[in-house]
Amino acid sequence: MPYYHRAGAVPPKRHTQHRDPDGKLYYEELMGEEGFSSDSSLLYHRHIPSAVREFRVWDLGDQSLVPNHPLLPRHLSTHELFPEGASGIDAVTGRRLLLGNEDVRLAYVVADAPSPYYRNAIGDECLYVEAGRARVETVFGDLEVGDGDYAIVPRATTYRIVPDGVVRICAIEANSHIGPPRRYLSRHGQLLEHAPYCERDLRLPDGPRTVEGENVDVHIKHRGPGGVAGTVHTVPHHPFDVVGWDGCLYPYVFSIRDFEPITGRVHQPPPAHQVFEGHNFVVCNFVPRKVDYHPLAVPVPYYHSNVDSDEVMFYCGGDYEARKGSGIGQGSLSLHPGGHPHGPQPGATERSIGAEFFDELAVMVDTFRPLQLGEAALATDDGVYVHSWEPKR
């Protein structure tokens with residue numbers, strides 16, 4: 001994270017004695033990235049955080065991936081994945097795998113039940129809330145999220161998701177860390193003036209919340225056979241036993257509505273819409289905005305071949321100008337693979353001329369290795385999107 005934060009009770013100097021009112025030492029845990037060489041936080045626990053009483057395998061369900069072969073652009077309807085709604089489904093174990101590669105996995109879930117306590121030991125998670133509200137309870141404190149919020153959860157953070165009613169989440173699970181693009185940051189990590197958001201837009205945990213409890217299950221996603229595996233640790237004391245923490249590594253929330261779009265006289269390329277980055281992938285968002293104001297501007301994107309990237313677009317609001325007439329709607333997810341030029345649907349270019357404002361909301365993930373198809377993609381691929389650029393006869 002770009003800046004230091006402190007919550008709860010911490011000692012004046014790190015790695016020194018910190019005792020409770022009865023004189024018992026708290027247990028200090030350093031949670032840090034890149035082997036003590038990057039961002040970290042110090043957490044002070046009431047109990048030993050390493051203790052494990054029991055363990056068992058967690059069956060993650062179908063995590064297989066198959067190549068996008070034959071090479072096709074695809075349209076997936078995520079809302080079809082949960083036709084019976086969210087009865088009893090939680091936002092961790094209920095996720096269904098859409099797409100993935102060696103660097104990132106995309107899943108979708110509709111949930112109405114509290115999730116188990118959970119820890120992703122593979123990489124950071126970026127949880128985009130398409131609709132609904134929830135409380136993300138973490139070892140650092142709680143985060144309230146709603147429509148249009150991104151929750152960034154660092155690797156190995158213990159947390160759970162408690163919906164307020166029904167919540168729809170698109171989960172971006174990295175094999176790395178996720179943060180602001182480096183070009184937005186000073187050499188010391190401050191968000192710069194040209195960045196489309198700043199530290200004031202980030203919502204931090206509301207402070208540590210200690211919970212009493214014994215023999216609590218923590219579901220852990222980790223590297224294993226086939227690339228990903230699951231284990232459940234039963235810990236003797238509740239993992240939310242932190243009385244204070246400080247540092248530069250913690251979960252936070254950013255609302256897509258706080259992203260300030262970068263516009264110009266002519267069409268701005270996707271990097272202008274970037275919000276986060278991970279290893280070998282970027283996250284962009286397209287928000288309601290004034291569009292190109294050159295007198296001869298063509299507001300919708302030009303046809304393009306991202307020769308190094310696969311492009312995923314998750315449509316989550318408004319009316320996306322470039323995709324009218326292709327069956328794209330709320331909850332649609334498109335995959336445009338490298339090797340296939342893509343762009344507006346027939347007629348969209350001419351219709352856009354003269355437009356002054358686009359009312360659209362979408363989250364885009366561009367990867368630098370090919371994406372493969374998960375079981376949820378195979379279940380919802382409409383099979384006809386590849387033909388949507390053919391002129392109507």
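Counting from 1, the numbers follow the sequence of the chain as shown.
Checked by atom type and distance alone, the side chain of Asn68 never pairs as donor or acceptor with a backbone atom of Gln372 at under 3.5 Å. Between the Ser305 side chain and the Val307 main chain, no donor and acceptor come within less than 3.5 Å of each other. No donor-acceptor pair under 3.5 Å is formed between the side chain of Ser309 and the backbone N or O of Asn306. A donor-acceptor pair is defined here as one N or O able to donate and one able to accept, closer than 3.5 Å; no such pair exists between the side chain of His45 and the backbone of Val242. A donor-acceptor pair is defined here as one N or O able to donate and one able to accept, closer than 3.5 Å; no such pair exists between the side chain of Arg105 and the backbone of Asn101. Of the possible donor and acceptor atoms, none in the side chain of Arg160 sits under 3.5 Å from a partner among the backbone N and O of Arg135.
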> Under the salt bridge (Lys or Arg N to Asp or Glu O under 4.0 Å) criterion, do Glu137 and Arg209 qualify, and how do the steps go?
Replying inline: CA-CA 9 Å; Glu137 299 176 350; Arg209 179 173 56 87; 3.4 Å; yes
> Given Ser334 and Tyr315, is the side chain to side chain donor-acceptor pair (under 3.5 Å) satisfied, shown in steps?
Replying inline: CA-CA 8 Å; Ser334 63; Tyr315 302 88; 3.3 Å; yes
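Side-chain contact annotation: Asp217 with Thr234, donor-acceptor N/O pair under 3.5 Å present. Checked by atom type, the side-chain pair Gln330/His79 shows no donor-acceptor distance below 3.5 Å. A donor and an acceptor atom, one from each side chain of Tyr118 and Thr93, are nowhere located under 3.5 Å apart. At a cut-off of 3.5 Å, with distance as the only test, a side-chain donor of Gln345 or Ser388 sits close to an acceptor on the other residue.
Counting heavy atoms from C-beta on, the side chains of Phe358 and Val300 come closer than 4.5 Å. Inter-residue side-chain proximity for Thr210 and Val243 is flagged as met; some heavy-atom pair is nearer than 4.5 Å. For the pair Val287/Leu361, a side-chain contact is recorded, criterion being any heavy-atom separation below 4.5 Å from C-beta on. Put simply, the side chain of Cys284 does not reach to within 4.5 Å of the side chain of Phe259, judged on heavy atoms. Taking the side chain as every heavy atom from C-beta outward, Leu99 and Val365 never approach each other to under 4.5 Å. The side-chain heavy atoms of Leu333 and Val312, taken from C-beta on, include a pair separated by under 4.5 Å. Put simply, the side chain of Pro196 does not reach to within 4.5 Å of the side chain of Pro261, judged on heavy atoms.
In this structure, OG1 on Thr380 lies 5.0 Å from CG on Leu81, to the nearest 0.5 angstrom.
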Which pairs would a plain distance check flag for residues 162-172, meaning a side-chain donor or acceptor within less than 3.5 Å of a matching protein atom at least two apart in sequence or in another chain?
residue: Arg168; atom: NH1; partner: Tyr108; partner atom: OH; Å: 3.0

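The cluster map of Ile, Leu, Val, Met, Phe, Trp and Tyr, joined by side-chain heavy atoms under 4.5 Å apart, puts Phe286 and Ile328 in the same cluster. By the rule that hydrophobic residues join a cluster once side-chain heavy atoms approach within less than 4.5 Å of another member, Leu43 and Val216 end up as members of one cluster. Cluster membership check: Tyr26 does not share its hydrophobic cluster with Phe140, using side-chain heavy-atom separations under 4.5 Å among Ile, Leu, Val, Met, Phe, Trp and Tyr. Hydrophobic clustering (ILVMFWY, side-chain heavy atoms < 4.5 Å, transitive): Val92 and Leu97 are in distinct clusters. Neither Ile256 nor Ile262 shares a network with the other; the hydrophobic side chains, linked directly or stepwise wherever heavy atoms of I, L, V, M, F, W or Y lie under 4.5 Å apart, form separate groups for each.
Remark: Arg257 does not engage Asp147 in a salt bridge, criterion side-chain N to carboxylate O under 4.0 Å. A salt bridge is defined here as a Lys NZ or Arg NE, NH1 or NH2 lying under 4.0 Å from an Asp or Glu carboxylate O, and Arg96 with Glu375 meets this definition. Ion pairing between Arg14 and Glu28 fails under the 4.0 Å rule for side-chain N and carboxylate O. Under 4.0 Å is where a charged nitrogen must lie from a carboxylate oxygen, and between Glu212 and Arg46 at least one such pair does.
By the ring pair (Phe, Tyr, Trp, His ring centres under 6.0 Å) test, Tyr150 is found to be paired with Tyr128, Phe276, residues two or more places apart in sequence or in another chain being considered. The ring pair (Phe, Tyr, Trp, His ring centres under 6.0 Å) search around His177 returns none, not counting sequence neighbours.
Using a 30° and 60° split on the angle between ring planes, His194 and Tyr184 fall in the perpendicular class, above 60°.
Contact between Pro225 and Ala229 at its shortest, heavy atoms only, is CD-CB, 4.1 Å.
More than 12 heavy atoms of other residues, nucleotides or ligands lie within 6.0 Å of OH in Tyr303, so this atom counts as buried by the packing criterion.
Under the 6.0 Å cut-off for aromatic ring centres, His5 and Trp245 qualify, their centroids lying closer than that.
The ring pair (Phe, Tyr, Trp, His ring centres under 6.0 Å) test with Tyr117 is passed by exactly one of Trp58, Tyr159, Phe240: Phe240.
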